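This structure is a prediction, so every number in the text was calculated from the model and none was measured.
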Amino acid sequence: MKNILLFALFLLISIAACKKETDCCAGPEDLPVCIQEMIADTSITNHLLSIRRTTVGNEQHFWLNSGASMFDGAEFIVNEQCDTVCYWLCFCFPPACADDYDMNDFEVVWEN
């Protein structure tokens, strides 16, 4: 459980490091730069199973699928600016933002 919490803290710090909107605009497959940086960083991707994308309104959202929810850890969803917009937990009551998503609507953009 301690490792999951450390990973979640590291992930939040990594996401918070992407501040400028212009940093997260283009790249292969139109992925935001900070998502591309996560994919390139093996210290992050070693803890991820996949990164999945869906569209909410006019914005792309990315589910950072780590498998942590199976152990009651958080799985984070970030927007195009790499800000955390929602999270999922397996055993706890889901936050209201989780109603905006259907797990079947996400497409895989990277898989470990």
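Nearest heavy atom pair, residue Q60 against residue R53, reads OE1-CD, 2.7 Å. Contact between T54 and D105 at its shortest, heavy atoms only, is OG1-O, 3.5 Å.
The distance from atom OG of S66 to atom CG of N112, rounded to the nearest 0.5 Å, is 11.5 Å. Taking CG of D41 as the reference point, atom NE2 of H47 lies at 9.5 Å (rounded to 0.5 Å). With rounding to the nearest 0.5 Å, the separation of CE in M38 from OG in S43 is 11.0 Å. Rounding to the nearest 0.5 Å places CD of E75 at 11.5 Å from SG of C86.
Taking E111 as the reference, nothing meets the side chain to side chain donor-acceptor pair (under 3.5 Å) condition, with sequence neighbours excluded. The side chain to side chain donor-acceptor pair (under 3.5 Å) test applied to S50 returns R52, N65, not counting sequence neighbours. The side chain to side chain donor-acceptor pair (under 3.5 Å) search around Y87 returns none, not counting sequence neighbours.
Using cut-offs of 30° and 60° for the angle between ring planes, the W63 and F106 rings count as perpendicular.
At least one side-chain heavy atom of L64 sits under 4.5 Å from a side-chain heavy atom of V78. F62 is listed as a side-chain neighbour of L31, based on a closest heavy-atom distance under 4.5 Å.
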